[in-house]
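In what follows, a single structure is set out as structure tokens and then discussed.
Nothing here was measured: the structure is a model prediction, and the numbers come from that model.
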Amino acid sequence: MDYHDIDLFKASQAQVMIARKVKIQRLSREPRSVVGLDVSYRGETGFAAAVSINYKTLEIEEIGIAEGKVVFPYIPGYLAFREAPLMLKALMRLKGEKDLLVVNGHGIAHPRRCGIASYLGVIMGLPSIGVAKRLLAGSVVERNGKRLIVIDGIVAGVVLRLGKSDLYITIGHMVDIEDLEEIARRTTISGRSLPEPIYWADRISREKSLGRISSQRTLI
DNA sequence: GCGACAG
DNA sequence: ATCTTGTCGC
């Protein structure tokens, strides 16, 4: 499949539909397990990892892996159509509870307010936040000493430097701005540049794509 | 038309 | 994201 086999207009409409269901509200309760999601590639094959982390201890509780051929190309603004299918497959393999999704990508700081974090949050009916290394849409404004990500006059996220480089943390679904910083700070161990859920999802999906994980091998 | 552009 | 050569610092 290449660029011309895709109906981006219909894809956009689907995103607008999902964006209307996004709820911005304080997390109803402190999460117990936070799930990090990411995808790595080896050629046309994608390897997704869903890693459940205990919010209090930051220990890995469960790992879900899924792999498959990825035909949808990477097009800025349409990342969910490329990566969400495998992420969902990996997520479904987790037996335990899932209180919050932390996705590698953006939430509502998106051209149609439907980045992959919001997309997954709405589909799963779970709170979600996006963690990205670069900005996709919107702008960063300084306010009360904080760098906020604003799009269409709405505060969609915050820029944090928890480690070596800036991270763009955005609202996915059923969380608010306060939750973003709370979750990001409390799940990031000193010495690391990413929140634990994303760090492990990123690492495990990459190790898997490199064929370094056979089954239940210990990871640390 | 031009530049920008998550992973 | 992935590939890939070179450089800097602990």
**Report entry** A:Y168 OH to B:dA6 C1', straight-line distance once rounded to whole Å
**Finding:** 11 Å

Query - Candidates B:dA6, C:dA1, B:dG7 - which lies nearest the side chain of A:D38 - result: B:dG7

**Report entry** Geometric cation-pi criterion, A:R206 with A:Y41: 6.0 Å, 45°
**Finding:** no

Query - Ring-face cation contact, A:Y74 with A:R82, 6.0 Å cut, 45° max - result: no

Requested in this report: Mind calculating the distance between CD1 (A:I75) and P (B:dA4) to the nearest angstrom?
Outcome: 20 Å

**Report entry** N/O (side chain, A:Y74) to phosphate O (OP1/OP2, B:dA6) under 4.0 Å
**Finding:** yes

Query raised in the report: Atom CZ of A:F72 to atom C1' of B:dG7: distance rounded to whole Å?
Result: 13 Å

Query raised in the report: In whole Å, what is the span from the CD atom of A:E44 to the P atom of C:dT2?
Result: 13 Å

Query raised in the report: Whole-Å distance between C:dC10 C1' and A:K164 NZ?
Result: 10 Å

Query raised in the report: Side chains of A:R26 and A:D179: closer than 4.5 Å at any heavy-atom pair?
Result: yes

Query raised in the report: Whole Å only: how far is the OH atom of A:Y41 from the C1' atom of B:dA6?
Result: 11 Å

Query raised in the report: Can you check the A:E83 CD to B:dA6 C1' distance for me, whole Å?
Result: 9 Å

Requested in this report: May I ask you to say what A:G77 touches in the nucleic acid, namely base, sugar-phosphate or nothing, with a heavy-atom cut-off under 4.0 Å?
Outcome: base

Requested in this report: Report yes if a side-chain nitrogen or oxygen of A:R134 is closer than 4.0 Å to either non-bridging phosphate oxygen (OP1 or OP2) of B:dA6; otherwise report no.
Outcome: yes

Query raised in the report: For A:R206 and C:dA1, is the shortest distance between a side-chain N/O and OP1 or OP2 below 4.0 Å?
Result: yes

Requested in this report: Go through C:dT2, B:dC5, B:dG7 for me and flag the one nearest to the A:L136 side chain.
Outcome: B:dC5

Report task. Measure from NZ on A:K133 to C1' on B:dG7 and round the result to the nearest Å. Result -> 8 Å

Requested in this report: May I ask you to check whether A:Y199 and A:T188 show a side-chain donor-acceptor distance below 3.5 Å?
Outcome: no

Query raised in the report: When we call it a touch if two heavy atoms are under 4.0 Å apart, what does A:Y119 touch: a base, just sugar-phosphate, or nothing?
Result: nothing

Query raised in the report: What is the minimum heavy-atom distance between A:R93 and A:E62, and which atoms define it?
Result: O-OE2, 4.1 Å

Query raised in the report: Which part of the nucleic acid, if any, lies within contact of A:L135, taking any heavy atom under 4.0 Å across all strands shown: a base, the sugar-phosphate backbone alone, or nothing?
Result: sugar-phosphate

